[in-house]
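Just below is one structure, and these are the notes that go with it.
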Amino acid sequence: MNKNVFDLIDSLCTERSLTLSEYQSLIDGRTPALAEYAAERAVRARKEIYGNQVFIRGLIEISNVCKNDCLYCGIRRSNRRCDRYRLTAEDILGCCAEGYRLGFRTFVLQGGEDGYFNDDFLCELLRAIKGSYPDCAVTLSLGERTRESYEKLRAAGADRYLLRHETADKAHYEALHPSEMSFDERMRCLYDLKDLGYQVGCGFMVGSPRQTSAHLAKDLKFIEQFSPHMCGIGPFIPQSDTPFGKENAGTLELTCYLLSLLRLIKPNLLLPSTTALGTIHPFGREMGIQAGANVVMPNLSPGNVRKKYALYNNKLSDGSESAQCKAELASRMASIGYEVVTDRGDMKR
Ligand code: 5AD
């Protein structure tokens, strides 16, 4: 029975599913040769669906005010050293106008869980964005809300919602979050979003404190079963002003390997090569694409707030991480054989 790890990659390519213990063997048994094999298969699988296209999303960080106190996050409420800001509707519409001109056809409104952005505010904003740019997709990434709220936002025009599950293991979730947050509530949100017709993104950090290969195997199994449209993964990076400020960062190597496995589990998945990956290595984003990712999300926030959205230390927000430097991003992607396209970038079947 005991298949070797290369055979497990082959069965993943045909079955798109493995058992929890097989996923764990793939993680524990990885070698550079195995990772290379997985990446090669992942790139091949993606090419059949998306060719050499890379989708871009304009990321607008609308607020760093947050009522939550996640132990890993730099904008957690008890971080007194975080310089708080909130964009106005005019600021946000201005970012969309600039993004549209630059060739972005998806806007991602991301922020902390900030009560200021209530349903009325967001619905009016969504109607304004969709009214001005009917050919664009709007993605929200604003954390946990009630089903009724998700329903209203969807009706007002939101197409997609990103809410990382952070970890698919309940006890590990509890180790990363304060007691008032719950794994079950996070899952409730994800299932409600899907049920309401959103294109849904989940995701997790790689190398977060106390994470084991058994936890990662559960993440892969969860993604296989939940079957999201998108999945954001990036290395955990410590933020000095948080309880995890002295923990080790996740690695580029494991993140890229998991990107390859995710591509093999779900070949049409929208899989970003994240800012966190670009932050831990100068060519991190390129390496993510070469491992199987197909999305990048440059920063479209106003220049004066970018540094304040400090989820972790040294978070990139300029150079090709910036929407204004799309040409640099495009040439970096071209250098590895990929084309950045002006497209909503919906999931292909
Ligand atoms: N390192 C890496 N990723 C982080 N996030 C929050 N804090 C960190 C950190 N220190 C991620 C979480 C969250 C997303 C917005 O950013 O996964 O869902």
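The shown structure was predicted, so the numbers you read here are calculated from the model rather than taken from an experiment. Order of listing sets the numbers, starting from 1, for every ligand and every atom in it.
Less than 6.0 angstrom separates the ring centroid of Tyr191 from the ring centroid of Phe226.
Looking at Tyr37 and Asp10, their side chains do bring a donor and an acceptor atom within 3.5 Å of each other.
Proximity of a side-chain donor or acceptor of Tyr150 to a complementary backbone N or O of Arg145 within less than 3.5 Å is detected. Looking only at distances, no side-chain donor or acceptor of Ser208 sits under 3.5 Å from a matching main-chain atom of Gln211.
Taking the six-membered ring where the residue is Trp, His172 and His215 present parallel rings, their angle staying beneath 30° rather than reaching 60°.
Checked against salt bridge (Lys or Arg N to Asp or Glu O under 4.0 Å), Arg127 has no partners two or more places apart in sequence or in another chain.
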Which protein N or O atoms sit under 3.5 Å from any N or O of ligand 1? Give atom names and distances.
unit_1: ligand 1; atom_1: 1 (N); unit_2: Ile237; atom_2: N; d: 2.9
unit_1: ligand 1; atom_1: 1 (N); unit_2: Ile237; atom_2: O; d: 3.2
unit_1: ligand 1; atom_1: 10 (N); unit_2: Tyr72; atom_2: O; d: 3.0
unit_1: ligand 1; atom_1: 10 (N); unit_2: Ile237; atom_2: O; d: 2.6
unit_1: ligand 1; atom_1: 17 (O); unit_2: Arg164; atom_2: NH1; d: 2.9
unit_1: ligand 1; atom_1: 17 (O); unit_2: Glu166; atom_2: OE1; d: 2.7
unit_1: ligand 1; atom_1: 17 (O); unit_2: Glu166; atom_2: OE2; d: 3.4
unit_1: ligand 1; atom_1: 18 (O); unit_2: Glu166; atom_2: OE2; d: 2.5

